[in-house]
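Here is the structure we will look at, set down as structure tokens.
Any value given below was found using the heavy atoms of this structure, including those in side chains, with hydrogens, waters and symmetry copies removed.
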Amino acid sequence: MKQYTPEKIRNVAVMGHGNAGKTSLVEAILWCKGQSDRLGKVDNGTSVSDYTEEEIKRGTSVFSSVVPVEVVRGGDERKINMVDAPGLFDYEGAQCEAMSACESVLIVVSGKSGMSVGAEKAYKSAVKNGKSRMVYVSKMDRPSADFYKVLEELKSAFGPSVCPVVVPCRDGDRNIYINLITDKAYTYDAGGNPSEVPVPDMEHRLEGLRSAMSEAVAEADEELFEKFFSGEQFTEEELRRGVQQGVKDGAITPVICGSALMLEAVDLTADMMAHLLPSAAHDESSGVEDESGEPVSLPCAPAGDPVAYVFKTVNDPFVGRLSFVKVLSGKLTGDLKLYNGTRGEAVKMGKMVYLCGKKQIDTKELPAGDIGAVTKLSGVFTGDTLCREGKVYKVLAPSFPVPTYAMAVQPVDKGDESKIGQGILKLCEEDQTLHFATDKETKQQVLTGMGEQHLDVVISRLKSKYGVDAKLEKPMVAYREAIGKKVKVEGKYKKQTGGHGQYGHVWIEFEPCDGEGLVFEEKVFGGAVPKNYFPAVEKGLQESIQHGVVAGYPVVGLKATLLDGSYHPVDSSELAFKTAASLAYKEGIKQAGAYLLEPIGTLNALVPEQNTGDIMGEVNKRRGRVLGMDPQDGGYTEIVAEIPMAEMSDFTTTMRQTTQGRGSFTFVFTRYEPLPPQLEAKVVEEAKKFFE
């Protein structure tokens with residue numbers, strides 16, 4: 001593949017709601033520019049960017065993929081690295097990967113369905129991360145598509161920065177696409193080839209669109225503002241320059257349109273991306289530190305220090321690790337002594353490749369501003385910085401969304417627990433929105449992700465990549481047990497076997513106290529129990545509190561005082577006193593009114609104002625308490641509440657459905673509280689099955 005300078009490279013994350021037409025657009029651009037030998041389709045599993053087994057099976061994007069395309073206009077050649085990101089919210093981690101590697105975001109909105117939550121979130125994320133934006137209105141071939149209705153929705157959602165650049169006009173059974181910058185109109189044949197036609201008469205609408213674009217351009221450039229104010233018309237070059245500047249500054253969000261299915265205006269879309277969006281040379285990476293931790297400026301220059309950011313990692317059990325990189329400065333070459341600036345380790349350089357979906361093209365170097373991959377980089381993970389040994393940099397990785405949907409992973413075949421752990425940990429290296437750990441309380445292997453589909457993909461990949469069959473089930477809640485009153489009980493262990501016997505005898509007082517575990521004291525007088533047996537008594541109690549008498553959960557907040565007892569000079573032993581203590585424990589806990597404690601967590605939910613009442617209703621329905629509400633920017637409200645953890649297993653799904661994906665939350669354990677008596681029988685029954 002030809003090498004390009006940063007000025008000629010555009011890195012564009014293609015984002016939007018699920019089923020908006022992102023992958024179809026990428027495929028159409030690749031085909032129309034003659035860089036694909038077939039026009040692949042998502043529905044039949046032949047697209048370049050949706051190439052994995054999971055994506056073909058599900059008919060939707062699951063992972064981000066890199067698809068480069070070369071755009072030639074006259075003698076000017078440019079390269080667009082399109083990073084196709086999935087639209088479903090379960091794969092939000094892949095969206096973060098795509099955005100971290102690009103200077104611009106192309107937000108795809110369906111001309112049929114209109115404005116969507118996915119588009120809204122993509123726009124807000126682009127603004128937050130300082131990325132340039134462009135909107136593509138798709139599916140203009142559909143009879144129900146309405147570009148101008150969608151345009152009004154975009155203006156309402158995103159404000160005055162929205163600026164139409166390519167607009168459609170329906171002419172019988174075909175669309176005419178008008179480039180407002182060049183004031184030219186085109187129709188397209190079945191192969192996506194354009195034919196210039198006269199600009200149609202759209203009465204006052206076209207004039208209004210041109211006027212709106214001129215006004216937006218004037219506000220983006222002081223020199224052009226003076227010309228606009230004086231009433232002069234802008235030239236084509238001035239319009240182009242003004243839009244370019246406005247896009248770079250974030251003041252203009254150009255809106256274009258077309259149909260990927262019918263190959264209409266695909267060439268215009270590629271041209272607008274190549275010539276209106278800022279180049280990689282404009283990207284002066286922020287959030288970069290030198291070896292001492294001081295922030296530094298890192299221009300995207302070919303002659304600069306070699307620095308690359310790893311934005312994605314793929315583990316293949318047969319091929320090995322593939323690290324996707326965006327070269328921020330300098331260039332990566334085969335003779336470079338590579339260093340991991342994030343982890344402070346030397347790294348052996350692997351083979352460098354360009355990517356086009358699953359296709360790998362060998363290259364001798366990866367230049368500044370470009371996107372590629374390096375094979376078999378041991379000890380390198382997503383978010384790491386690659387640089388030259390002796391000139392160390394560290395790029396601060398973006399923040400990925402916190403996973404909130406947890407399920408226990410159970411092997412289909414007994415004995416596969418370790419295989420499950422090894423396989424999922426490999427998958428966690430690829431996906432920053434996965435968390436996997438063994439629960440210390442329940443001993444279950446718990447996998448936490450973004451939602452049901454996310455975890456379903458993980459289990460499916462676990463089988464296909466690592467040959468391990470597993471299933472998901474609702475995780476057990478780690479309850480506790482406590483006592484309600486003070487009691488004094490006797491524990492006696494006496495065993496005679498004909499030879500050396502066993503004898504241990506204690507009187508212990510049990511009472512509630514503050515604290516997590518056991519508080520042990522002794523108040524024995526007169527040597528009724530020799531001091532050398534005190535540790536055995538405490539050990540017997542420490543082991544016993546791991547299993548309560550109500551449902552078998554650990555006992556907390558227990559104070560035990562050894563008061564009295566007796567011993568035998570020959571038959572007494574540490575084992576005998578340890579056993580006597582455990583017998584006293586079992587009897588004492590029964591008499592002391594043992595009851596269950598349930599874990600309570602603190603919920604911090606960020607929801608749209610219109611959904612505040614619905615989420616508060618959910619909190620109450622789940623036995624929760626709202627502690628407060630705090631208005632936030634952008635029409636959102638933060639709700640703080642406390643809810644039993646047992647009630648939160650499906651809250652991720654409920655939150656997404658209630659807020660259409662706009663809401664988010666975090667939930668962390670806070671403390672234990674008594675379980676309502678009417679719920680105790682159900683918990684005991686579940687615990688009985690689990691512990692068996």
Side-chain angles (χ1 to χ4, degrees), residues 10-32 40-43 47-50 55 59-67 69 80-89 91-92 94-95 98-99 102 104-127 131-142 144-147 149-151 153-154 157-158 162-168 177 247 253-274 276-277 661:
R10 274 47 178 179
N11 297 305
V12 185
V14 184
M15 302 178 68
H17 207 79
N19 201 36
K22 300 178 295 298
T23 300
S24 296
L25 174 62
V26 169
E27 195 71 29
I29 291 174
L30 206 60
W31 164 257
C32 284
K41 296 187 181 297
V42 175
D43 292 341
S47 69
V48 171
S49 56
D50 285 0
E55 291 170 315
T60 188
S61 299
V62 173
F63 311 101
S64 61
S65 61
V66 180
V67 180
V69 64
I80 307 172
N81 287 314
M82 297 178 288
V83 185
D84 184 16
L88 299 178
F89 300 138
Y91 315 123
E92 200 171 336
Q95 297 169 13
M99 188 167 290
C102 299
S104 305
V105 178
L106 180 69
I107 302 165
V108 180
V109 179
S110 168
K112 178 184 175 183
S113 306
M115 187 60 190
S116 59
V117 180
E120 182 183 309
K121 293 181 76 171
Y123 184 90
K124 287 182 178 179
S125 184
V127 172
K131 309 293 183 181
S132 297
R133 286 89 61 193
M134 179 181 280
V135 176
Y136 172 80
V137 181
S138 66
K139 305 183 181 182
M140 293 310 301
D141 58 293
R142 308 293 173 87
S144 57
D146 189 338
F147 174 84
K149 180 184 176 184
V150 175
L151 183 62
E153 292 174 349
L154 291 169
F158 303 153
V162 172
C163 175
V165 173
V166 175
V167 299
Y177 293 91
V247 173
T253 302
V255 181
I256 56 180
C257 60
S259 168
L261 180 66
M262 304 303 293
L263 301 177
E264 296 174 353
V266 174
D267 62 327
L268 277 177
T269 301
D271 183 75
M272 294 298 175
M273 291 167 66
L276 296 185
L277 294 176

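- Nearest heavy-atom pair, Ser24 versus Val42, reported as atom, atom and distance to 0.1 Å: OG-CG2, 4.2 Å.
- Qualifying side chain to side chain contact (heavy atoms under 4.5 Å, CB included) partners for Ala94, counting only residues two or more places apart in sequence or in other chains: Ser64, Pro86, Glu97.
- Using a 4.5 Å cut-off on side-chain heavy atoms (C-beta onward), Leu261 and Lys41 make contact.
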field: Chi angles and distances behind the side-chain contact (heavy atoms from CB on, under 4.5 Å) call for Val26, Val48
entry: CA-CA 9 Å; Val26 169; Val48 171; over 6 Å; no

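- Side-chain atoms of Ser132 come within 3.5 Å of backbone atoms of Val247 as a donor-acceptor pair (strictly under, hydrogens ignored).
- Between Met82 and Leu106 there is no side-chain heavy-atom pair separated by less than 4.5 Å.
- Looking at residues two or more places apart in sequence or on another chain, you find a side chain to side chain donor-acceptor pair (under 3.5 Å) between Asp141 and Ser259.
- One N or O on the side chain of Glu27 and one on the backbone of Gly40 form a donor-acceptor pair closer than 3.5 Å.
- The side chain to side chain contact (heavy atoms under 4.5 Å, CB included) with Thr23 is formed by just one residue from the set Thr60, Asp50, Val108; it is Asp50.
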- request: Please report the C-alpha distance between Phe89 and Val117 in whole Å, then the side-chain angles of each, then the deciding distance to 0.1 Å, and finally whether the side-chain contact (heavy atoms from CB on, under 4.5 Å) criterion is met.
  value: CA-CA 10 Å; Phe89 300 138; Val117 180; 3.7 Å; yes

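- When atom types are taken as modelled, the side chain of Glu55 and the backbone of Phe63 share a donor-acceptor pair closer than 3.5 angstrom.
- Two residues are said to be in side-chain contact when any heavy atoms from C-beta on lie closer than 4.5 Å; Tyr123 and Thr253 meet this criterion.
- Between Val150 and Gly114, the shortest heavy-atom distance links the atoms CG2-CA, 3.9 Å.
- At least one side-chain heavy atom of Met140 sits under 4.5 Å from a side-chain heavy atom of Tyr177.
- Taking every heavy atom of both residues into account, Val162 and Leu154 meet most closely at CG2-O, 3.6 Å.
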message: I'd like to know whether Val127 forms a side-chain contact (heavy atoms from CB on, under 4.5 Å) with Phe158, so could you lay out the CA-CA distance, the side-chain angles of the two residues, the decisive distance to 0.1 Å, and finally the verdict.
response: CA-CA 10 Å; Val127 172; Phe158 303 153; over 6 Å; no

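- Atoms NZ and CD, from Lys149 and Glu153 in turn, are 5.5 Å apart once rounded to the nearest 0.5 Å.
- Distance check: Leu268 CG to Ile256 CD1 gives 8.0 Å after rounding to the nearest 0.5 Å.
- Within the 4.5 Å cutoff, the side chain of Ser138 has no heavy atoms near those of the Leu25 side chain.
- Contact check for Tyr136 versus Val14: no side-chain heavy atoms found under the 4.5 Å cut-off.
- Between Leu263 and Ala28, the closest heavy-atom pair is CD2-CB, 3.8 Å.
- Residues Met273 and Arg10 form no side-chain contact, since every pair of their non-hydrogen atoms from C-beta on lies 4.5 Å or further apart.
- Ser125 places no side-chain N or O within 3.5 Å of a backbone atom of Lys121 that could act as its donor or acceptor partner.
- Taking all atoms of both residues into account, the shortest heavy-atom contact from Val12 to Leu277 is CG2-CD1, 3.7 Å.
- The number of heavy-atom neighbours closer than 6.0 Å to CE of Met262, taken from other residues, nucleotides and ligands shown, is 12 or below.
- In this structure a side-chain-to-backbone donor-acceptor pair under 3.5 Å is present from Lys131 to Cys102.
- Scanning both residues, Met134 and Met272, for their nearest heavy atoms gives CE-O, 3.6 Å.
- A donor-acceptor contact shorter than 3.5 Å links the side chain of Lys22 to the backbone of His17.
- Residues Asn19 and Ser110 fail the side-chain proximity criterion, which asks for heavy atoms closer than 4.5 Å.
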